[in-house]
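Some notes on the structure that comes next.
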2 protein chains.
Amino acid sequence: MGQKGEETRTRLLDAASRLLESGGYFGAGLNQVIAESGAPRGSLYFHFPGGKDQLVSESVRRAGRDISALITGLEATSTADLLSQLLAVLGDRLERSAWHQGCPVATVALELSATNDAVQQVCSEAYQSWEAALRDQLLADGHPDAEDLATTVLALIEGGLLLARAHRSRQPLIRVSRTIKAIL
Amino acid sequence: MGQKGEETRTRLLDAASRLLESGGYFGAGLNQVIAESGAPRGSLYFHFPGGKDQLVSESVRRAGRDISALITGLEATSTADLLSQLLAVLGDRLERSAWHQGCPVATVALELSATNDAVQQVCSEAYQSWEAALRDQLLADGHPDAEDLATTVLALIEGGLLLARAHRSRQPLIRVSRTIKAIL
DNA sequence: AAAAATATGTAGATTGGTCTACAGAGGGAG
DNA sequence: CTCCCTCTGTAGACCAATCTACATATTTTT
């Protein structure tokens, strides 16, 4: 694949990611993806012959890797510190995007987890990888119930992002962060 | 309004609630609502002249009241006990519906919170009422940081439900429940 | 020239929304 | 009692716009 082809493909994925995160699977039309990416309609089906499901799957997979790298890349002194930083970064992103960009997986997962096996699988794998990254940090911190705790922490992050979006306010994230600091 | 009219209206709201919870705002088509409710198209716009947004708003509002009543109605010896019961009830509902029925607000909130002011408002109010119910329980339990804790607990519930749906498994709910018991 | 990628056009279904027609219950007037 | 009018609610045809997907032709790259 030539350089230009790769660029077009990336532009399509970028636009899809943004739209999917903002409005979910059904809220993101391919026409909109095409318009925002500037790519022609034919290019979409050339690069993603599997149609919308392939585009969405690859977009979610890429977002999963990105967040995973974000978690692993943060340098924190403790798990509480890691979460504090993580929530701050995600909160920044959310507010700067005018409450459009929260969790790049959540909306799609909720819409499709019961009805679309292929996409459900991808979403599940993304969450698994984040949980594994959190668990490693907790283990390194010497927590005994790292498995349970990693799931709980991920639920807290996802729930916090959801509430923040719903209220259009960072307050839920701040409160969650404060409670974590008090408890851990 | 006669009895029959009220029934049709309720049937429309029931169908809308089910479809909204399963596939979100964009995933729930009015044609589907009409088909599942058995009501004719004209009746929909008679009972909900504001169209889809009014139907969705009233559906979310009703679901908000239902969950609020569920929280208030549970008889628990402590907050940890309350959450354990709540997560069990919600987990049952989720699994019995084949992972279709999780949180009746979350999907719509994620899809629309940034773009649809009216619906965002309704979702925000639903979450506020649940949080208030949880805060009251925490206060009665004598917790000092009841405000922060209520937000955190709600985030845990929502995050747990999201992960359970994404993985099609009750495990996240079980793990969250266990961690809560260990911490509170 | 062959392969890769772009550029449109269009098919067919589905979307939310509007429109008109009409069935039936209930109330007032003769 | 009965005729008539009104209001509630049902019923479904219809519309413009949009959706995903595909077909075909053209351009660019190697």
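Protein chains get the first letters and strands the later ones, always in sequence-line order, with residue 1 at the start of each. Just so you know, these numbers use all the heavy atoms, side chains as well, and skip hydrogens, waters and symmetry mates.
In this structure, L112(B) places its CG atom 13 Å from P of dG16(C), rounding to the nearest Å. To the nearest angstrom, P of dT15(C) lies 14 Å from CZ of F26(B). Across the protein-nucleic acid pair, Q54(B) atom CD and dT18(C) atom C1' stand 16 Å apart, rounded to whole Å. E7(B) has its CD atom 14 Å from the C1' atom of dT10(D), to the nearest Å. Rounded to whole angstrom, the span from the CG atom of L44(B) across to the P atom of dG16(C) amounts to 10 Å. The separation between Y45(B) atom OH and dA11(D) atom P is 17 Å, rounded to whole Å. In this structure, CG of L55(A) is placed 10 Å from P of dA21(D), rounded to the nearest angstrom. If you take CD1 of I34(B) and C1' of dG16(C), they are 9 Å apart, rounded to a whole angstrom.
Of the candidates dG17(C), dT6(C), dT10(D), dG17(C) carries the atom nearest the R41(B) side chain, counting heavy atoms from C-beta on. Of the candidates dC19(D), dA4(C), dG16(C), the closest approach to any side-chain atom of L30(B) belongs to dG16(C). Of all nucleotides listed (dG16(C), dT6(C), dA11(D)), dA11(D) comes nearest to the side chain of P40(B).
Contact check, T8(B) against dG9(D): no side-chain N or O comes under 4.0 Å of OP1 or OP2. Not one side-chain nitrogen or oxygen of S43(A) sits closer than 4.0 Å to the OP1 or OP2 atom of dA5(C). Phosphate contact (OP1/OP2 of dT8(D), side-chain N/O of H47(B), threshold under 4.0 Å): absent.
Mapping N31(A) and P49(A) onto DNA chain D by nearest heavy atom places N31(A) at the nucleotide closer to the 5' end.
Inter-residue side-chain proximity for L154(A) and R175(B) is flagged as unmet; no heavy-atom pair is nearer than 4.5 Å.
Counted by atom type alone, T151(B) and E131(B) present one or more donor-acceptor pairs between their side chains at under 3.5 Å.
No salt bridge links K181(B) with D148(A); every basic N to acidic carboxylate O contact stays at or beyond 4.0 Å.
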Exercise. Stepwise, does the salt bridge (Lys or Arg N to Asp or Glu O under 4.0 Å) test hold for R62(B) with D14(B)?
Worked result: CA-CA 10 Å; R62(B) 202 185 59 167; D14(B) 288 344; 2.9 Å; yes
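Distance check: Q85(B) CD to E75(B) CD gives 9.0 Å after rounding to the nearest 0.5 Å.
Using a 4.0 Å heavy-atom cutoff across all strands shown, G42(A) reaches at least one base atom of the nucleic acid.
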